[in-house]
Amino acid sequence: MSSNLPPWAKAGIQALVIVASILLAFGIEAWWEGRQEAEHRAILLEDLATEIAQNREALSVSLRRQRERVERITTLLTELGPDAVGLPTDSVVVLQRRVLTNPTYDPALGILELLIQSGDLAYIEDRELRSHAAGLAAYLDDYLSNQTLMLDLLISPEVVFGTGSVVFDFSFFDARDVALTTASPEVQDRAGKYLGVALGITNLMVGQGDALMAEFDEILSHMEVPSADGP
């Protein structure tokens, strides 16, 4: 029947076939690229879930140690006050040494940063997941900034707060085998000021760490990935 078609009709059919072939090729290519991008994002989200779970586990360990540090500082401060229970000097020395140990938290957020910088975070359909993931940096900054302050407090005899500074007596750290409970009143007074500031910062970090932990849990719950506390 096609042989009976006029030339202009044959040309039209050929043109339609060519256009349809081109459109089909473009459609297949677009479908393939979309599938590749979807698989790429799925892998990134899976990696992000693993990254968040690992960071949560590390934070749980750090928070447990921060709470232990709060207990040690509180006990040491009690021994320097009127409510002292009279701990043996060797126990006081052990507390002093442990106060020097400040647990640190070093989160790895390479996948999250990649998602944010590449713009792929915007393709996450779950709005709450996207919001919590994007706002995670603020919670981390709060926690890590006080962690840095605590480290500075341990290594520097002078820590600046706002427009002023506080100078601490570190002599009881230099004499680690000498219990603070047997030190002079002046040394005890300065050590007490230091321990008070350290206790305040550590308590603040515990609160910020709990908030960060809640954000991790929120993200993991939206990703349907079970979270587990660290050792």
Side-chain angles (χ1 to χ4, degrees), residues 48 51-81 83 91-113 116 131-170 172-173 176 180 188-221 227-231:
L48 177 62
E51 182 177 81
I52 294 296
Q54 290 174 345
N55 283 319
R56 185 198 183 282
E57 181 178 350
L59 178 62
S60 69
V61 173
S62 181
L63 271 176
R64 175 172 56 80
R65 292 174 178 170
Q66 293 288 7
R67 287 188 168 92
E68 290 172 352
R69 192 165 192 268
V70 166
E71 293 177 1
R72 291 165 182 161
I73 295 175
T74 301
T75 300
L76 195 52
L77 280 171
T78 300
E79 288 305 301
L80 296 177
D83 297 325
S91 297
V92 174
V93 169
V94 170
L95 282 174
Q96 292 170 206
R97 291 173 179 172
R98 290 183 175 178
V99 164
L100 281 173
T101 303
N102 183 50
T104 57
Y105 175 58
D106 185 21
L109 293 171
I111 300 299
L112 179 59
E113 291 174 356
I116 294 174
S131 175
H132 283 288
L136 191 59
Y139 288 89
L140 279 168
D141 287 344
D142 287 342
Y143 187 85
L144 295 178
S145 62
N146 281 297
Q147 177 175 274
T148 300
L149 180 59
M150 192 67 248
L151 291 173
D152 289 343
L153 187 63
L154 282 171
I155 64 177
S156 173
E158 182 174 339
V159 180
V160 177
F161 295 93
T163 58
S165 63
V166 180
V167 180
F168 299 104
D169 184 349
F170 275 60
F172 70 95
F173 284 158
R176 297 185 186 183
L180 268 176
Q188 289 186 1
D189 180 64
R190 292 193 175 186
K193 291 177 182 177
Y194 165 82
L195 293 169
V197 173
L199 180 61
I201 298 174
T202 308
N203 272 322
L204 181 59
M205 289 180 64
V206 169
Q208 292 170 334
D210 286 339
L212 180 56
M213 184 72 74
E215 285 300 298
F216 283 151
D217 287 340
E218 189 72 26
I219 291 173
L220 290 173
S221 68
S227 61
D229 287 326

Query raised in the report: Which residues pass the side chain to side chain contact (heavy atoms under 4.5 Å, CB included) test with T148, sequence neighbours left out?
Result: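 Checked T148 against side chain to side chain contact (heavy atoms under 4.5 Å, CB included); matches are D152.
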Query - Results of side chain to side chain contact (heavy atoms under 4.5 Å, CB included) for S145 - residues two or more places apart only - result: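 Partners of S145 by the side chain to side chain contact (heavy atoms under 4.5 Å, CB included) criterion come out as none, since no residue qualifies.
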**Report entry** Pairs where residues 204-213 contributes a residue and the test salt bridge (charged side-chain N to carboxylate O under 4.0 Å, His left out) is met, not counting sequence neighbours
**Finding:**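 For residues 204-213: R67-D210.
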Rounded to the nearest 0.5 Å, how far does [atom2] of [Y] lie from [atom1] of [X]?
X	Y	atom1	atom2	answer
L195	T75	CG	OG1	11.0 Å
N55	M213	CG	CE	10.5 Å
L48	I219	CG	CD1	7.0 Å
R65	T104	CZ	OG1	8.5 Å
R97	R72	CZ	CZ	13.5 Å

Report task. Considering non-hydrogen atoms only, spot the tightest contact between L220 and R56 and give its length. Result ->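 L220 and R56 have their closest heavy atoms at CD1-CD, 4.0 Å.
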Query - Main-chain N/O of L180 paired to Q96 side chain as donor or acceptor, under 3.5 Å - result: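 Yes; judged by distance alone, with no hydrogens or angles, the pair exists.
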For residues 131-140, please give each side-chain donor-acceptor pair under 3.5 Å, one per line with the distance, not counting sequence neighbours.
unit_1 : atom_1 : unit_2 : atom_2 : d
H132   : ND1    : E215   : OE1    : 2.8

Enumerate, atom names and distances included, each donor-acceptor pair closer than 3.5 Å involving a side-chain atom of residues 200-209, sequence neighbours excluded.
unit_1 : atom_1 : unit_2 : atom_2 : d
T202   : OG1    : R69    : NH1    : 3.1
T202   : OG1    : A198   : O      : 2.7
N203   : ND2    : L199   : O      : 3.4
Q208   : OE1    : N146   : ND2    : 3.0

Requested in this report: Compare all side-chain heavy atoms of Y143 with those of S62 and state whether any distance is below 4.5 angstrom.
Outcome: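 Yes, side chains in contact.
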**Report entry** Pairwise side-chain contact, L63 with Y105, heavy-atom cut-off 4.5 Å (strictly under)
**Finding:**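 The answer is no; the side chains never approach within 4.5 Å.
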Requested in this report: Identify, with sequence neighbours excluded, every residue that meets salt bridge (Lys or Arg N to Asp or Glu O under 4.0 Å) alongside D141.
Outcome: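 In terms of salt bridge (Lys or Arg N to Asp or Glu O under 4.0 Å), with neighbours along the sequence ignored, D141 is linked to no residue.
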